[in-house]
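Below is one structure, written out as structure tokens, with a few remarks after it.
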Amino acid sequence: MLEIIAIRNNAEEIKQRLAVKNFKEINLIDDVLAVDETRRSIQTKLDENLSKQNVIAKEIGDLFKQGKKEEADKKKSETVSLKEESKQFETGLAKAEEEMKDILVRIPNTPHKSVPDGKTPEENEVVKLVGEIPALYEDALPHWDLAKKYDLFDLELGVKITGAGFPVYRKQGAKLQRALISFFLDNAIEAGYTEIIPPHMVNEASAFATGQLPDKEGQMYVTKEEGFYLIPTAEVPVTNIVRDEILETLPVKFTAYSPCFRREAGSYGKDVRGLNRVHQFDKVEIVQVVHPDKSYAVLEEMVKHVESILQKLELPYRILRLCGGDMSFASALTYDFEVFSAAQKRWLEVSSVSNFETFQSNRMKVRFRDENKKTRLAHTLNGSALALPRIVASLLENHQTADGIKIPAALQRYTGFEKIV
RNA sequence: GGAAAGAUGCCAGAGUGGUUGAAUGGAACAGUCUCGAAAACUGUCUUAGUCGCAAGGCUAACGAGGGUUCGAAUCCCUCUCUUUCCGCCA
């Protein structure tokens, strides 16, 4: 949610920047300004009225103390019209506030100046490409076939137990999951993040705070009785740790492993084969809450962190700076990481690292005290480090040999084996 | 699922209709003292909206939402949550 004060001060600039995101409803900016105007004028009138009422109440109190009952009773009548008026103002104010919020939640975050124009993923900017695409042997297999060959995971069995997109991992496949989670967490801890194990369901307030609600309601699973949402990413519970807080020390750095649940209705074909897209997957997330002056330096730091992991896994990867049209609603700048999946011969997204500036913190009221002891909104950032399924897909495909799948050296002490056979 | 108690500032904890935005203690911060530190002493110390160039003014908030009243942290209603006990269970 953009700050109303920022819109008030920079309406034109904000409109221009939203155009980069291909935001169509630019008129919402003027709408929200108009409502804000109304809101403030009502607020002023209401405050004046209440002030008058307070004065009279105090006078009546004094009269009673002096024993002047008749005079006090007489004064009571003076408040009648004030009270009625105040009631109307209060109703009007509540309505204006609600309207304002309704509009604000529909306006996306403004993109950073470095965000390229563009509407489709094809227009994302490739900022870096590292590693070589391995030359696979002749009968190299895509990961879903490798899974069968080595009995690593079973999607059909998941269908029986739950439904499509719920893989069952087995044997070395299961151990590999556990190894990757520990490996990712240890890397994050090494980089100064505090490990968290969060709840895997959140309430409505938390889902709203990080921006999953109201617009992405359909992407989440929800429990029938309580109305709890199964988390689509650990970002939601972890970022909500600092909701409504005034933080004494920055930065706050959290990392968390969690399963992630996504409904993702409406995808078909080769894009969803194997582990390319599933409804439940594992992910290690990193989250930072930082001083506004530092957030872009921190974003680069987080990018470096993700890079270092991919390098240790010996996977070819590229980094994309997302164009305006491909960015998420809440982000000001996003880097996507893709690894090359050698047998499928395509790039798979494995991480997304974003700076949200004050977009989330404004909703969540995450503040800190600045140099002048004034409270200010902090900047929030997060990134996947990393999401497992596509890493596994790429790991299996890229490192396959005629007599087994090699485990990267850095990962071997976690798996306990050097090769999947 | 049954029963009881409770929800006040960063924390503890007073306060049951009229200078209570809120006593007192602790923590924290600044200063005095000290070579330095501790102790002691002094001071500061909620957040948000709104008006104002500013100083500052006004308003709101004592779990949430309603109600009674000239006036509510204090009275009434509803809801939420917490704690304890019983039951069930990992």
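Chain identifiers are assigned alphabetically (A, B, ...) following the order of the sequence lines, protein sequences preceding nucleic acid strands; residue numbering begins at 1 within each chain.
In this structure, CG of Asp244(A) is placed 19 Å from P of U46(B), rounded to the nearest angstrom. Regarding Glu84(A), its CD atom lies at a distance of 13 Å from the P atom of C70(B), rounded to whole Å. Taking atom CD1 on Ile4(A) and atom P on G49(B), their separation rounds to 12 Å, with Å as the unit. What separates CG of Leu63(A) from C1' of U19(B) is a distance of 15 Å, to the nearest Å. Between Glu204(A) atom CD and A64(B) atom P there is a gap of 19 Å when expressed in whole angstrom units. If you measure from atom NZ of Lys365(A) to atom P of U47(B), you get 15 Å, rounded to the nearest angstrom. Between the CE atom of Met364(A) and the P atom of U47(B) there is a distance of 20 Å, given to the nearest Å. The distance between atom CG of Asp36(A) and atom C1' of C51(B), rounded to the nearest whole Å, is 14 Å.
Between G49(B), A48(B), A60(B), one nucleotide has an atom nearer to the side chain of Leu50(A) than all others, and that is A60(B). Each of U50(B), C70(B), G67(B) was ranked by its minimum atom distance to the side chain of Gln43(A); first place goes to U50(B). Relative to the side chain of Ile246(A), the nucleotides U47(B), G18(B), G49(B) differ in distance, and U47(B) lies closest.
For Asp47(A) and G49(B), a side-chain-to-base donor-acceptor distance below 3.5 Å is present, hydrogens and geometry of angles not being considered.
Side-chain N/O atoms of Ser77(A) include none lying less than 4.0 angstrom from OP1 or OP2 on C70(B). Considering only side-chain N and O atoms, Arg40(A) lies nowhere under 4.0 angstrom from the phosphate OP1 or OP2 of G49(B). For C58(B), the OP1/OP2 oxygens have no side-chain nitrogen or oxygen of Asn49(A) closer than 4.0 Å. Of the side-chain N and O atoms in Arg39(A), none sit less than 4.0 angstrom from OP1 or OP2 of G49(B). Here Asn54(A) does not reach the OP1 or OP2 of C58(B): none of its side-chain N or O atoms lies under 4.0 Å away. A sub-4.0 Å separation between OP1 or OP2 of U47(B) and a side-chain N or O of Arg367(A) is absent. At A48(B), none of the side-chain N or O atoms of Lys374(A) fall inside 4.0 Å of OP1 or OP2 (strictly under the cut-off). Checking the phosphate oxygens (OP1, OP2) of C58(B), no side-chain nitrogen or oxygen of Lys52(A) falls inside 4.0 Å.
When heavy atoms are screened at a 4.0 angstrom cut-off, Leu46(A) is found touching no nucleic acid atom at all. Across all strands shown, Arg376(A) has no heavy atoms under 4.0 Å from either base or sugar-phosphate atoms. Residue-level contact check: Ile56(A) touches neither bases nor backbone, having no heavy atom under 4.0 Å from any strand.
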Could you go step by step and tell me if Glu235(A) and Thr210(A) meet the side chain to side chain donor-acceptor pair (under 3.5 Å) rule? CA-CA 8 Å; Glu235(A) 166 200 344; Thr210(A) 38; 5.0 Å; no

Between Glu245(A) and Lys365(A), is the salt bridge (charged side-chain N to carboxylate O under 4.0 Å, His left out) condition met? List the steps. CA-CA 7 Å; Glu245(A) 295 289 337; Lys365(A) 300 290 170 265; over 6 Å; no

Should Glu418(A) and Lys406(A) be marked as a salt bridge (charged side-chain N to carboxylate O under 4.0 Å, His left out) after you check the CA-CA gap, both sets of side-chain angles, and the distance that decides it? CA-CA 6 Å; Glu418(A) 296 173 19; Lys406(A) 288 180 297 180; over 6 Å; no

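The same atom, C1', is picked in C76(B) and in C85(B); the two are 29 Å apart, to the nearest Å. For the C1' atom pair drawn from A3(B) and G87(B), the interatomic distance equals 11 Å after rounding to whole Å. A12(B) sits 26 Å from C86(B) when the P atoms are compared, rounded to a whole Å. Remark: the separation of the C1' atoms in G66(B) and A14(B) is 28 Å, to the nearest Å. For G31(B) and A39(B), the C1' atoms lie 16 Å apart once the distance is rounded to whole Å. With both ends at atom P, the span from U83(B) to A38(B) equals 38 Å, rounded to whole Å. G63(B) and U80(B) are spaced 8 Å apart, taking the C1' atom of each and rounding to whole Å. A distance of about 32 Å separates the C1' atoms of G13(B) and G2(B), rounded to the whole Å.
Applying the Watson-Crick and G-U wobble criteria (two distances, each under 3.5 Å), U68(B) pairs with nothing in any strand. Here G36(B) sits opposite no nucleotide as a Watson-Crick or G-U wobble pair (both hydrogen-bonding atom distances under 3.5 Å). Under the Watson-Crick or G-U wobble criterion, with both distances below 3.5 Å, G21(B) has no partner in any strand shown. U83(B) and A4(B) make up a base pair, with Watson-Crick or G-U wobble contacts both under 3.5 Å. Pairing partner, C41(B): G31(B), with both Watson-Crick or wobble hydrogen-bond distances short of 3.5 Å. Pairing for A60(B) is with U47(B), a Watson-Crick or G-U wobble pair whose two hydrogen-bonding atom distances lie under 3.5 Å. The base-pairing partner of A14(B), taking Watson-Crick or G-U wobble contacts with both distances under 3.5 Å, does not exist among the strands shown.
Aromatic ring pairs are classed by plane angle as parallel below 30°, tilted from 30° to 60° and perpendicular above 60°; the pair Tyr221(A) and Phe261(A) is perpendicular. The aromatic rings of Phe359(A) and Phe329(A) sit perpendicular to each other, their planes meeting at more than 60°, with 30° as the lower class boundary. Under the 30°/60° scheme for interplanar angles, the aromatic rings of Tyr193(A) and His305(A) are found to be tilted.
Between Lys75(A) and Arg369(A), the residue whose closest nucleotide on RNA chain B is further toward the 5' end is Arg369(A). Between Asp62(A) and Ser51(A), the residue whose closest nucleotide on RNA chain B is further toward the 5' end is Asp62(A).
Listed for the Asp336(A) side chain is no donor-acceptor partner under 3.5 Å among the backbone atoms of Leu320(A).
Phe340(A) does not carry Arg346(A) over the face of its six-membered ring by the limits of under 6.0 Å from the centre and within 45° of the normal.
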